[in-house]
Amino acid sequence: MGSDGAGRSRCRGTGWDRGGLRIAHPLLRTAPGATRTVSPNELAAALRLRASYPPYFDQYAGPALAAAAKGDGTGLLSLADTWNGRRSDAAGFNTGYAPDFQDDVALFCTDRPWPTGTAAYGALLAASEAASPHLGAERASMALPCNGWPITDLPHPVRVPGTPPILVVSSTGDPYTPYQWGVDAAHTLANGVLLTSNTHGHTAYLSGHPCVDTNVEGYVVSATPPASGTIC
């Protein structure tokens with residue numbers, strides 16, 4: 001199970017594919033006072049957690065998909081709940097979520113310009129589904145709150161001249177912070193130094209990559225970064 005870098009999921013060995021994803025058949029889990037069903041949103045959240053932190057969640061994603069293919073969605077719901085910050089004892093569909101959910105939306109909506117109006121959002125939804133048949137609709141739905149978000153002051157370039165060297169670590173396989181964003185940040189900073197991590201997952205430090213860990217810790221201890229352009 002993995003991602004092709006454009007949000008299209010690949011699930012090998014489970015029989016899941018574009019034609020139904022097998023979630024057309026409810027995958028049930030009993031929670032206090034309710035029976036829950038794995039929807040495309042829960043599936044996407046489970047896959048997103050695995051893609052974000054593979055060293056920690058690879059071991060759970062495969063068995064969860066295999067069990068779901070047999071009709072047991074417990075594992076997928078557990079992964080999705082972990083990603084969404086949902087308490088395991090929450091009975092309803094919209095209860096028990098972490099209080100910082102709104103904070104995440106605020107960051108998401110000020111990360112970049114988003115379409116406004118139903119026509120523009122419809123175009124975004126169509127483009128997302130075309131680019132990512134499995135997960136595109138769920139990803140596009142995350143932009144809905146941004147349609148009327150009151151803050152439109154997007155991030156500005158920050159140069160901070162006069163500082164010591166500032167180390168920027170950017171991963172080539174980060175599903176949430178594109179590698180080019182790190183490259184741009186290092187170039188924008190007056191004293192930015194880029195360390196490229198040829199790794200998958202969201203953030204590279206303390207994710208099982210000794211080259212990254214050694215360079216980052218050396219910088220923190222001595223304030224001396226690796227040579228700009230270093231690749232791990």
Side-chain angles (χ1 to χ4, degrees), residues 3-9 40-54 56-57 79-80 82-86 97-160 163 166-207 212 216:
S3 171
D4 63 2
R8 287 182 284 261
S9 59
N41 283 352
E42 274 83 20
L43 174 62
L47 296 180
R48 188 182 304 128
L49 181 67
R50 180 267 164 197
S52 298
Y53 308 104
Y56 306 104
F57 293 102
L79 291 171
T82 299
W83 176 262
N84 291 322
R86 187 181 192 278
Y97 289 94
D100 61 354
F101 179 75
Q102 291 81 2
D103 301 338
D104 292 340
V105 174
L107 291 171
F108 185 77
C109 290
T110 54
D111 241 355
R112 72 200 78 181
W114 293 101
T116 56
T118 55
Y121 177 76
L124 172 65
L125 177 61
S128 300
E129 290 183 309
S132 176
H134 294 307
L135 308 180
E138 190 273 344
R139 293 294 291 162
S141 70
M142 292 180 65
L144 271 174
C146 308
N147 194 19
W149 197 255
I151 304 300
T152 57
D153 188 29
L154 299 176
H156 302 280
V158 177
R159 293 197 52 78
V160 289
T163 66
I166 298 175
L167 181 62
V168 178
V169 183
S170 192
S171 301
T172 56
D174 191 319
Y176 296 101
T177 349
Y179 172 68
Q180 190 60 42
W181 285 10
V183 174
D184 294 343
H187 289 166
T188 300
L189 293 166
N191 296 300
V193 176
L194 177 67
L195 171 64
T196 294
S197 174
N198 282 326
T199 55
H200 291 278
H202 185 47
T203 72
Y205 180 60
L206 294 183
S207 295
V212 174
V216 170

According to side-chain contact (heavy atoms from CB on, under 4.5 Å), who are the partners of [X], at least two apart in sequence or on a separate chain?
{"X": "Val158", "result": "Val160"}
{"X": "Asn191", "result": "Thr163"}
{"X": "Ser207", "result": "Pro55, Thr203, His209"}
{"X": "Ala120", "result": "Pro115"}

| Sequence-distant partners of Asp184, side chain to side chain donor-acceptor pair (under 3.5 Å), two or more places apart |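 In terms of side chain to side chain donor-acceptor pair (under 3.5 Å), with neighbours along the sequence ignored, Asp184 is linked to Gln180.
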Heavy-atom side-chain contact between [X] and [Y] under 4.5 Å:
{"X": "Tyr56", "Y": "Leu49", "answer": "no"}
{"X": "Tyr121", "Y": "Cys146", "answer": "no"}
{"X": "Trp149", "Y": "Thr110", "answer": "yes"}

| query | Where the side chain of Trp114 meets the backbone of Phe108, is there a donor-acceptor pair that is under 3.5 Å apart? | reply |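 Yes, Trp114 side chain to Phe108 backbone: donor-acceptor pair under 3.5 Å.
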Nearest 0.5 Å, please: how far is [atom2] in [Y] from [atom1] in [X]?
{"X": "Asn147", "Y": "Leu124", "atom1": "CG", "atom2": "CG", "value": "10.0 Å"}
{"X": "Ser52", "Y": "His200", "atom1": "OG", "atom2": "NE2", "value": "13.0 Å"}
{"X": "Thr188", "Y": "Ile166", "atom1": "OG1", "atom2": "CD1", "value": "11.5 Å"}

| Qualifying residue, where the test is side chain to side chain contact (heavy atoms under 4.5 Å, CB included) with Trp181 and the options are Asp111, Asp174, Val168 |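 Going through Asp111, Asp174, Val168 one by one, the side chain to side chain contact (heavy atoms under 4.5 Å, CB included) with Trp181 is satisfied by Asp111 alone.
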Where is the tightest heavy-atom contact between [X] and [Y], given as atom of each residue plus distance?
{"X": "His187", "Y": "Arg159", "result": "O-NH1, 4.2 Å"}
{"X": "Ala80", "Y": "Glu42", "result": "CB-O, 3.5 Å"}
{"X": "Val212", "Y": "Val169", "result": "CG1-CG1, 4.3 Å"}
{"X": "Pro54", "Y": "Gly201", "result": "CD-CA, 3.7 Å"}
{"X": "Ala204", "Y": "Ser197", "result": "CB-OG, 3.5 Å"}
{"X": "Gly182", "Y": "Leu194", "result": "O-CD1, 4.1 Å"}

| message | Apply side chain to side chain contact (heavy atoms under 4.5 Å, CB included) to residues Trp83 and Tyr53 and explain how you reach the verdict. | response | CA-CA 11 Å; Trp83 176 262; Tyr53 308 104; 4.2 Å; yes
| message | Test of understanding: with ring pair (Phe, Tyr, Trp, His ring centres under 6.0 Å), list the residues that count as partners of His202, not counting sequence neighbours. | response |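 If we apply the ring pair (Phe, Tyr, Trp, His ring centres under 6.0 Å) test to His202, skipping adjacent residues, the hits are Tyr176.
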